[in-house]
Amino acid sequence: MSSSNGRSAELFDRAQRSIPGGASRATVLTEPHPVYVAEGKGAWITDVEGRRLLDVNNNFTSIILGHADPAIDGAVRAQLDRGTAYSLATSVEIELAELICERVATIDQIRFCNSGTEAVMGAIKAARAFTGRPMIVKVEGSYHGTYDHAEASLDPDPSEWGAPDAPETIAYAAGTPASLRDEVGIIPFNDAAAAETVIREAGERCAAVLLDAMPSRVGMPPIDPAFVDAIVSTAREVGALVILDEVISFRLGSAGAQALVGIEPDLTCLAKIIGGGFPVGGVGGRREVMSVFAKQGGERAAVPSGGTFTANPITMTAGLACMQQLDDAAFARLDSIGDRARSGLQAAFDKAGLDWQITGRGSLFCVHPNRRQIRTYRDARHSSDEAATMMLLHRRLLDRQVFLSSYGMGCWNLASTDADVDLFVTAIATTAAELTE
Ligand SMILES: Cc1ncc(COP(=O)(O)O)c(C=O)c1O
């Protein structure tokens, strides 16, 4: 069990004096205290207690080559000598933009920002400006960052969530204006008929449908092609745009999940891997729609966007050095690591007669302490017993050298070896067996 009177506990005591709750990031706050990291190298991190942990979270999917990748580090060090940020443009921004536009058929142009939250907010504002409409439709339970509209119905509970095919719009943060209910429609994942109804009801008020093809908080089930078709065709029918959030799923292939699932969004939100380990975001898409971000003659843009650290040369340099290494062979290796982990762990669960399962695709996975068929957020949502089991799994895995978040969602980086995968499989199967005894 992780030590509760060691260096991490001391740091957490100290943190609570100057930081409300003890950390700026909700997801690091695990019981009894956060894990404080001393360093990361390749697939492994070392915490301040000196424990070596296999990192299968990778900063919530943003690290894809491994920690402290030599090529990224070398490029960033060279840029550090030349300065970190200027209030003027640099050419490396153009290089990263060109690389992404070349790879993704639906991205003619891209505008960078500093996070996935900002990317989703920018895409929503662009869709509103382009269509002149106020409303979006999104999937129940799907996480898209912390913009008011994007976080609607992120984790509703049964007392408030409404009918399965007509979910209620629930504000996430206290104090969110009640107008949110008129500005966001909610659809269940993988329910084509409900999606059609909700999008049609939003009709001429609907600026865009916001979709993640691999939503982590919906448990990463496969997306039903009929659901994709329903969203795209109904959005087109009512004159709304389709925004695909590929903040996580862009790690599934050189053109993201859209090329695998067969969806052609008007706008795509990116972040995480395109920053090579540094804070980043980007909105890309059709030239006509992207023109809302461009200054028109002497006039300001329809959707002005900027930011002190936007497209700073450190992030752009790191992102370029990362993306240049992600060729077909790299994605094939990531797929094979992910497949080995999923098939190995599912076989281990089956062999031990455990009612657990693992979902996911490519380098992404999600471990579930149940065998329910998962198609929607309501299927994936943990009961309080399951949530407690997952928290225990997270904690006990630390003693077996694995760092898995208590969400059960994780991913692999390219520095992971087959031996790392086998360690992960054994550690999870053994711990799951202990927890279900
Ligand atoms: C699908 C998705 N969209 C958006 C975001 C927000 O990205 P960021 O944390 O960079 O703001 C996340 C973050 O995990 C995400 O998973």
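Just so you know, ligand 1 is whichever comes first in the structure, and atom 1 is the first atom listed for that ligand.
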With a 3.5 Å cut-off and no angle check, do the side chains of S159 and D157 form a donor-acceptor pair? yes
Side chain of E93, backbone of P313: donor and acceptor closer than 3.5 Å? no
Are the side chain of Y377 and the backbone N or O of V139 linked by a donor-acceptor pair below 3.5 Å? no
Ring centres under 6.0 angstrom apart (F403, F424): no
Sorted by chain and residue number, the residues with a non-hydrogen atom under 4.0 Å of ligand 1 are S115, G116, T117, Y143, H144, G145, D212, D245, V247, I248, K272
Would you please classify the geometry between the F227 ring and the F189 ring as parallel, tilted or perpendicular, with 30° and 60° separating the classes? perpendicular
Over all heavy atoms of both residues, which pair between L252 and M214 is shortest? Give the atoms and the distance, please. CD1-SD, 4.2 Å
